[in-house]
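This report concerns only the one structure given below.
Residue numbers begin at 1 in each chain, while the letters A, B, ... track the order of the sequences.
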Amino acid sequence: MTETLLEVLHRPVLEAAPRLLGAVLAHGDVAVRLTEVEAYAGADDPGSHAFRGETPRTRTMFGPAGGLYVYFVYGMHFCANVVCGPSGTASAVLLRAGEVVSGADVATRRRGGAPPRDLARGPARLCRALGISGEHDGTDLLTGPVRLELAEPVPASQVVTGPRVGLRQAADRPWRWWVEGEPSVSPYRPAAPRRPRG
DNA sequence: AGGGTGATTAGG
DNA sequence: CTAATCACCCTC
């Protein structure tokens with residue numbers, strides 16, 4: 001394959017995201033083949049953490065392509081993103097789900113005995129299965145402890161697109177892609193409706 | 001359907 | 001400072 005990961009990550013994020021389907025994310029003995037991703041378009045995207053500009057939390061997203069942006073949410077979960085575009089911009093691809101292709105024993109232990117298809121089915125589960133946490137935020141996916149390796153593109157006929165999961169802002173943008181028929185794709189969950197205060 | 005858990009942000 | 005929100009997962 002002539003195409004490199006960095007070349008892919010420098011394309012517009014709406015092209016880069018689906019191109020990452022099938023790529024393999026590895027940490028230690030565990031490796032996951034990506035089956036579901038979402039694009040976040042930084043300053044152009046009200047749904048992105050980076051929409052309101054750089055903060056300590058979002059600093060990694062404003063760094064160079066190939067960085068790993070890990071954030072902590074809901075008091076207990078980590079989620080992982082691949083940083084795209086040149087430094088100073090803040091687009092990223094959220095890694096929503098994958099199929100464990102190596103180290104299933106370790107991943108299963110970390111995931112409390114979950115069945116194989118659930119090991120990395122969801123962004124926080126994926127991080128848990130791979131042992132990714134806040135200490136990996138800002139590391140480089142080409143040289144750091146967590147590596148991402150491009151695979152052959154998944155044929156377009158097998159790729160499905162739809163709305164992103166769990167967002168209230170820009171919930172209509174169909175910026176999620178997954179591999180059709182993959183049991184590891186996370187279930188669609190619309191954002192919780194906001195109740196009027198009373 | 002509802003709870004857990006804590007960082008981040010908007011607002012007084 | 002307080003209150004609301006949050007790119008989620010688990011159990012019931």
Side-chain angles (χ1 to χ4, degrees), chain A residues 9 13-14 16-18 20-21 25 32 34-63 67-85 89-98 100 107-138 141 146 148 160-178 183-198:
Chain A
L9 299 184
V13 69
L14 299 187
L20 294 182
L21 291 172
L25 186 68
V32 163
L34 300 177
T35 58
E36 182 184 10
V37 297
E38 282 178 359
Y40 287 86
D44 302 325
D45 180 5
S48 169
H49 291 166
F51 181 62
R52 292 169 213 284
E54 183 174 346
T55 67
R57 177 208 207 186
T58 61
R59 183 172 42 90
T60 297
M61 267 201 286
F62 286 84
L68 179 64
Y69 168 52
V70 181
Y71 69 92
F72 185 63
V73 75
Y74 292 111
M76 60 188 94
H77 300 300
F78 292 100
C79 297
N81 299 249
V82 178
V83 175
C84 297
T89 69
S91 60
V93 177
L94 172 67
L95 308 180
R96 282 205 59 87
V100 173
T108 301
R109 223 162 22 242
R110 288 181 177 144
R111 289 274 297 110
R117 77 186 51 182
D118 286 351
L119 288 177
R121 188 178 191 225
R125 291 164 164 183
L126 182 146
C127 282
R128 187 81 188 261
L130 281 161
I132 294 173
S133 64
E135 66 192 287
H136 301 109
D137 178 45
L141 286 163
V146 181
L148 182 63
V160 192
T161 185
R164 296 181 289 185
V165 173
L167 292 194
R168 301 231 295 255
Q169 301 301 318
D172 55 314
R173 303 187 187 191
W175 288 357
R176 179 168 63 113
W177 294 264
W178 65 95
S184 60
V185 170
S186 64
Y188 178 64
R189 184 179 49 77
R194 182 165 65 99
R195 277 218 343 254
R197 298 179 41 231

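- The backbone N or O of A:Gly113 sits nowhere less than 3.5 Å from a side-chain atom of A:Thr108 that would complete a donor-acceptor pair.
- Looking at residues two or more places apart in sequence or on another chain, you find a ring-ring contact (aromatic ring centres under 6.0 Å, His included) between A:Phe78 and A:Phe72.
- Within the model, atoms CG of A:Leu95 and CG of A:Leu20 stand 7.5 Å from one another, a figure rounded to the nearest 0.5 Å.
- Rounding to the nearest 0.5 angstrom, the gap separating the CZ atom in A:Arg109 from the CG atom in A:Leu119 is 12.0 Å.
- One distance of note links CG of A:Leu68 with CE of A:Met61; it measures 12.0 Å at 0.5 Å rounding.
- Side-chain contact between A:Val37 and A:Leu21: present, with at least one pair of heavy atoms (C-beta onward) separated by less than 4.5 Å.
- Rounded to the nearest 0.5 angstrom, A:Cys127 SG and A:Tyr71 OH are separated by 8.5 Å.
- Regarding A:Arg168, its CZ atom lies at a distance of 12 Å from the P atom of C:dC8, rounded to whole Å.
- The pair A:Arg173-A:Asp44 does not count as a salt bridge, with every side-chain nitrogen at least 4.0 angstrom from each carboxylate oxygen.
- Atom OH of A:Tyr71 and atom C1' of C:dC8 are 8 Å apart (whole Å).
- Remark: side-chain polar atoms of A:Arg176 are not paired, donor with acceptor, to backbone N or O of A:Gly162 under 3.5 angstrom.
- No donor-acceptor pair under 3.5 Å is formed between the side chain of A:Thr60 and the backbone N or O of A:Asp137.
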All N/O pairs under 3.5 Å across the protein-nucleotides 9-12 of chain C interface:
from   : atom 1 : to       : atom 2 : distance (Å)
C:dC9  : OP1    : A:Pro123 : N      : 3.3
C:dC9  : OP1    : A:Ala124 : N      : 3.0
C:dC9  : OP1    : A:Arg125 : N      : 3.2
C:dC9  : O4'    : A:His77  : NE2    : 3.1
C:dC10 : OP1    : A:Arg111 : NH1    : 2.8
C:dC10 : OP2    : A:Arg125 : NE     : 2.9
C:dC10 : OP2    : A:Arg125 : NH2    : 2.6

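- Between chain A and DNA chain B, the heavy-atom contact criterion of under 4.0 Å yields a 5' to 3' nucleotide range of B:dG4 to B:dA10.
- A donor-acceptor pair is defined here as one N or O able to donate and one able to accept, closer than 3.5 Å; no such pair exists between the side chain of A:Arg111 and the backbone of A:Ala120.
- Sorted by first and then second residue, the pairs that involve residues 113-124 of chain A and meet salt bridge (Lys or Arg N to Asp or Glu O under 4.0 Å), not counting sequence neighbours, are A:Asp118-A:Arg121.
- Within residues 39-57 of chain A, the residues that place at least one heavy atom under 4.0 Å from DNA chain C are, in residue-number order, A:Tyr40, A:Gly47, A:His49.
- Consecutive pairing runs in DNA chain B reach the stem threshold at B:1-4 with C:8-11, B:6-11 with C:1-6, where a stem means at least three Watson-Crick or G-U wobble pairs with distances under 3.5 Å.
- In this entry the distance linking CZ of A:Arg176 with C1' of C:dA7 reads 12 Å, nearest Å.
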